[in-house]
Amino acid sequence: MEKSETTSSGENPRPWHSYHTVYTNAKAGMEGVDKEKVQRIVYEMSKGSKYFENEEKKEAYMRQKIETMRAQCAKLTAADVSHYQMVADKRIVELETTRDLSRIWLHVDMDAFYAAVETLSNPSLTGKPMAVGSMSMISTANYEARKFGVRAAMPGFIARKLCPELIFVPTDFNKYTHYSNLTRKVFQKYDPHFMAASLDEAYLDITDVCKERGVTGGEVADELRTRVYEETGLTCSAGVAPNRLLAKIGGIGKVTEHMLRDVLGINTCEEMLQKGGFLCALFSRSSADFFLSVGLGLGGTDTPEVKFRKSISNERTFSATDDEALLYQKLADIAQMLCTDMQKEGLRGRTLTLKLKTASFEVRSRAVTLQKYICSGEEILKYASKLLKAELPISLRLIGLRMSHFNEDKAGAPSDPTQRTLTKFVLSRDASGKTMGGQSSLSSNCSDEAFMDDLETSFPNDEIRDPWDSSCKQDLEDHNCTFGNNIEAEEAHESLSNNTAENIAETSLPRKLGGGSTDMVNEEVILHNEAVISPDWQYQCFKADDYKCSLCGIEMPPDFVEERQEHSDFHLAERLQEKESSINSRTSIERHRFAQKAITSSRSSRKKHKPSPKQGSHLSIDMYFVKSNQNF
DNA sequence: ACCGCAGTAAAAA
DNA sequence: GTATTTTTTTACTGCGGT
């Protein structure tokens, strides 16, 4: 494991070969692109910048990782190799037994989604190279632009160099959400429980449709794509397979690809299995399992019941500054934005993570876990400020805040006195009785396994099913648990679909929606959506800026957010006791917890702070190298 | 030895 | 002339408490 001298010699005739970015990789519609030229221009536009320097650091880190892994590999004795091969073969057999070929999955991906939507609302863009995004970053490029090597995730100023006549269109998420909803209405007809992966991607279990109508997956795919086109004027691609992985193979990115190829010489699924022993020797159990599954072509075939959001975050890039007042202002802005987002979903969280990107593009994060769930802008800012303060002085180009640790997180954490669960439990119960604006409840209300587990100890963790649970599930699937999305991407699965997007486009189907009137339709849909999502279910006895509890008249200032919440919870507990005589035991347990909670939460904070900043808690990249070397 | 937490990284859209 | 995003999830590692 000595020597790391494998690097290139002094003068490199083609230095751009050593600079690899995601956005120099080919995408759909980039077949004839002069890759050499694109790489050279990307390199020349990038070199010397802070960003570039950081990329070099990351590259160096990756090379080190690969060296380390090579050394590990070389250290394996013949006995080790045969041992791990046996382990791998056994694992392969085990995994094989999980194969399920009984389902038919469809992965649908809109073609150049944002760009296509923009063209729909401004047909004069048709046929011209165009990108959605800014000079800083491109979200999507249309196919005309891709011929120049312009791609999602590429900075706009580089794209303009590659294609000087490139037209830039700013992102307009309202528009994309509107069209996304139209596509989802179609998806729903084929699979009411379809899984949205982003605004422009979804997985559909079309097994039942195929069976009932006696058609193949491919035929359903064709029909669905036609219907999507009819409803939206947008084209899409679809992959058909017995599981989701095969309908869209993913999960191996730049770094993993290098580790597999450069260390183990793995390029294909077959090689993944042949070299299974090395995978088991070098990677963790879960990573090795994943790789072997990919090699076997195994993937998810189930439709997981409600998936819960685990975190919510907001971040902004700005021109780098070390002006503390300015940084605090940015932080306050982010805190407010996060608070707004959390309110939309009625979330409260315990763990707050501050994300920083320094002027040199180094990314750091700092987190606190509180005893209490918080959601107000003031409180978020209060704790975020403490986290930021510990990093000063510092020059930053990005600040972000993330809230997580929402509720129970892990079912079966009996010691954790999660006071929010009471509120959510009650609210969820109520939601089954009355409907709010046609929809009953929110994702975060739908399951509270820790609570259930605590109080209804006879339920196994995984099998909590009752009527309101499934009604929640239905609700959620209406919203499809879609999370953030910015950069749209077409993937290799296009090769799996027989009919290309272009074929469909050429069939001259009528355009149902032209440009022009879309914005009004938009508004309507968005408003509808917000009505569904907005947390007007909150049973707060306080109005937003009221000092008095409407139920008992006790006075508390609005900024006593935790105290007010607890007070609300108290009334909820009472209410629960009245309404639910059959679950008296639970109530008393919960009230007991509630009382405890009130005590523990008043002791302010466990301030045993991290050694934190400069050369304290986090290592420089160089230091990290030393460290990881010592591990082997 | 195990658990929870903090920090970093990778991946995806 | 300048300029390299945003959001979420998952995995792994190391530390400190019990």
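Chain identifiers are assigned alphabetically (A, B, ...) following the order of the sequence lines, protein sequences preceding nucleic acid strands; residue numbering begins at 1 within each chain.
- Each of Y203(A), F187(A), F194(A) was scored for a ring-ring contact (aromatic ring centres under 6.0 Å, His included) with H107(A), with one residue passing: Y203(A).
- At a threshold of 4.0 angstrom between heavy atoms, the contacts of R285(A) with the nucleic acid are absent.
- Checked for salt-bridge contact, E379(A) and K372(A) miss the test: no charged N lies under 4.0 Å from a carboxylate O.
- Aromatic ring orientation, Y19(A) versus F52(A): tilted (interplanar angle from 30° to 60°).
- Between R70(A) and E67(A) a salt bridge is recorded (basic side-chain N to carboxylate O distance below 4.0 Å).
- Across all non-hydrogen atoms, the minimal contact from Y43(A) to P15(A) is OH-CB, 3.3 Å.
- The side chain of P155(A) lies closest to dT4(C), out of dT4(C), dT2(C), dT7(C).
- Nucleic acid contact for K161(A): none, since no nucleic acid atom lies under 4.0 Å from a heavy atom of the residue.
- Regarding D200(A), its CG atom lies at a distance of 19 Å from the P atom of dT6(C), rounded to whole Å.
- Distance, F318(A) CZ to dT6(C) C1': 14 Å, rounded to whole Å.
- With respect to the salt-bridge test (charged N to carboxylate O, under 4.0 angstrom), the residues K254(A) and E59(A) qualify.
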Legend entry - Dot-bracket encoding of pairs in DNA chain C, which uses [ ] for pseudoknotted crossings and | for another strand, Watson-Crick or G-U under 3.5 angstrom: .....|||||||||||||
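- Atom CG in L398(A) sits about 16 Å away from atom P in dA3(C), given to the nearest Å.
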